[in-house]
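As the structure is a computational prediction, the values presented were derived from the model and not from experiment. Numbering of ligands and ligand atoms starts at 1, following listing order.
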Amino acid sequence: MKRIFFLLTASLFLFSCQQNKTTEAVEATETTTNEEFPFFIPSEKPNRPLSAAVERNYDAYENIRPEQSELYTQFKYTKLKGFDYNGGDGTITRRDPSKVIYENGKYYVYYTGRKSPVRPVGMSRAKEATDVIPSADWDLSDIWYATSEDGFTWKEEGIAVPRPPKPEPGWRSVTTTDILKFNGKYYLYFQAFMEASGLRGDFCPVSVAWADSPDGPWHHTGKIVIPNGPDGSWDQFSIHDPYPLVHDGKIYLYYKGDFDKRPELKPSKIRMQGLAIAEDPLGPFVKHPLNPVINSGHETTLFPFKEGVAAIVQRDGQEHNTIQYAKDWVNFEIASITELLPVAGGPFVPDAFTDTKDGRGITWGISHIINADGNWNHTMLVRFDCDLSQDIHDDDMKHHHYNYSPEFHFSHRLNGKQKDRIKKQTEALKHQE
Ligand code: AAL
């Protein structure tokens, strides 16, 4: 009898403890207004009044912690071996690399290459440019390419696509290329300048060359495949950074447009990104009716991710320094906010052309650093590494911030105008005493 009584009492006690726990657990999700927000953040959005920011933390992002998101990463950079820059004197530039592809047992990258007897005079002095004196860093350029066994040491193979003869599109400069592999052929899309950049602006359409091998020979089509938009349209002048991917059996080519130029503003232009779609690599490309589809960024850097496409959005615009995602390849949302993003990134995207329905993401690529060594006409290619991949989880790529050295902070110093303003503000205070 005693044994039964003990068992009954013990069961009742355990049941009441369990009830308390359940109550506590329920309360943790249904805390009332006057309860503090819990120390252990609810994994699901709690049923309680929330601030806009905490509401957003649940609704706008994949995870409540950025480091748990596949589309959050930091970036690490490595200096490349194999490229000489004449000591950074501006007579050589390599910039705006393509995506990296892997063929014939090695990596390939294509990029804007300029080797000129003198450094560029600058876009503001474009009138002084000649057929040997470049205006901008990317003026009088050809499409060069290099190969690598490991992605760190590269062998410059030479010019892939040279400037065509006048008056073909690109006779002045062929730049900012990207690669597509489609039905066994290779295509290099590029900005096709027909005037020195800076004369009117950075104005150009996009043309394309094709080859049966990543080593060429490359055949100019002499066609403008992404034309400038009609007068008064956002992309009437600049069709930059062509970036093809394969989706839904078609070529989805993203590109940048510079527009709304107002010299009285700094920066004077807005930069956004558009999309043009074609069934054939040589076109016709149809621009998406919702263009521009990305409201920020500068050079295009995208990759298939799960069923959609992700974009590294850097440098310009309301949403620069973000990684964005479009499940439908058109309507982009911010997936994460990060820093020190690769500029003009050309990632290694193994499934860029496979029409994948489950994009695996990226872990490295080639990007560029402009104004290297403080010289606006010295741009260099670098390697970036990251964890934007479903196939790895690298905690060392998922910290929340970098620690910038005092020297880095002090390198961003006040200019004379700002110092004068500050001086006047202090003097004004003295007069008030
Ligand atoms: C780059 C790209 C395009 C521009 C110039 C060269 O970063 O946006 O290619 O025309 O700058």
Side-chain angles (χ1 to χ4, degrees), residues 90 92-99 109-114 116 120-124 126 129 134-144 161 163 169-170 172-179 188-208 224 226 228-229 234-244 253-261 267-274 292 294 296-302 311-317 320 341-347 365-372 375-382 384:
I92 291 183
T93 207
R94 296 182 184 87
R95 56 178 293 150
D96 294 303
S98 70
K99 291 189 293 295
V109 69
Y110 304 80
Y111 48 89
T112 304
R114 172 181 53 77
S116 50
V121 291
M123 292 175 74
S124 59
S135 61
D137 189 30
W138 54 91
D139 189 23
L140 295 177
S141 294
D142 302 292
I143 304 297
W144 288 66
V161 179
R163 275 161 281 163
R172 173 72 193 184
S173 196
V174 287
T175 80
T176 325
T177 192
D178 200 15
I179 184 92
L188 280 174
Y189 297 87
F190 51 85
Q191 294 177 205
F193 285 95
M194 293 175 272
E195 62 185 45
S197 181
L199 277 179
R200 293 186 298 148
D202 200 18
F203 296 176
C204 61
V206 161
S207 184
V208 63
I224 291 175
I226 315 282
N228 295 97
W234 76 286
D235 61 354
Q236 67 175 340
F237 293 127
S238 312
I239 307 285
H240 290 169
D241 305 284
Y243 194 102
L253 188 144
Y254 296 87
Y255 64 93
K256 173 188 73 167
D258 293 357
F259 64 110
D260 194 52
K261 181 166 183 179
S268 65
K269 291 177 275 192
I270 289 180
R271 292 180 167 98
M272 292 191 180
Q273 299 176 31
I294 296 179
S296 299
H298 196 107
E299 299 85 359
T300 43
T301 306
L302 299 101
I312 296 178
V313 182
Q314 33 84 31
R315 286 183 70 191
D316 295 286
H320 71 286
L341 289 76
V343 175
I366 304 296
S367 60
H368 77 206
I369 295 178
I370 58 174
N371 194 13
N375 171 352
W376 278 108
N377 295 297
H378 173 29
T379 304
M380 62 192 297
L381 299 176
V382 296
F384 71 88

With respect to atom 3 (C) of ligand 1, which of Arg95, His298, Gln191 exhibits the smallest heavy-atom separation? Gln191
Aromatic ring proximity Tyr254/Tyr243, centre distance under 6.0 Å: no
Arg114 bridged to Asp139 by N-O distance under 4.0 Å: no
Is any side-chain heavy atom of Leu140 less than 4.5 Å from a side-chain heavy atom of Ser116? no
Can you report which non-hydrogen protein atom sits closest to atom 8 (O) of ligand 1, along with the distance? Lys256 NZ, 2.7 Å
Would you mind checking which non-hydrogen protein atom is closest to atom 4 (C) of ligand 1, with the distance to 0.1 Å? Asp202 OD2, 3.2 Å
Would you say Arg271 contacts ligand 1, with heavy atoms under 4.0 Å as the rule? no
Please work out whether the ring planes of Trp234 and Phe259 are parallel, tilted or perpendicular, with thresholds of 30° and 60°. perpendicular
Distance to 0.1 Å, residue and atom name: give those for the protein heavy atom nearest to atom 9 (O) of ligand 1. Thr176 OG1, 2.6 Å
Does any non-hydrogen side-chain atom of Met194 lie less than 4.5 Å from one of Cys204? no
In the protein, which heavy atom is nearest to atom 7 (O) of ligand 1, and how far is it? Glu299 OE2, 2.4 Å
Is Thr175 close to ligand 1, meaning an N/O of one under 3.5 Å from an N/O of the other? no
Just to be sure I read this right, does ligand 1 sit under 4.0 Å from the backbone of Asp96, its side chain, both, or neither, counting only heavy atoms? side chain
Going by the 4.0 angstrom heavy-atom rule, the piece of Asp241 near ligand 1 is side chain
Are any side-chain N or O atoms of Ser135 and backbone N or O atoms of Gly122, one a donor and one an acceptor, separated by less than 3.5 Å? no
Quick one: do Ser207 and Tyr189 satisfy side-chain contact (heavy atoms from CB on, under 4.5 Å)? Show the steps, please. CA-CA 6 Å; Ser207 184; Tyr189 297 87; over 6 Å; no
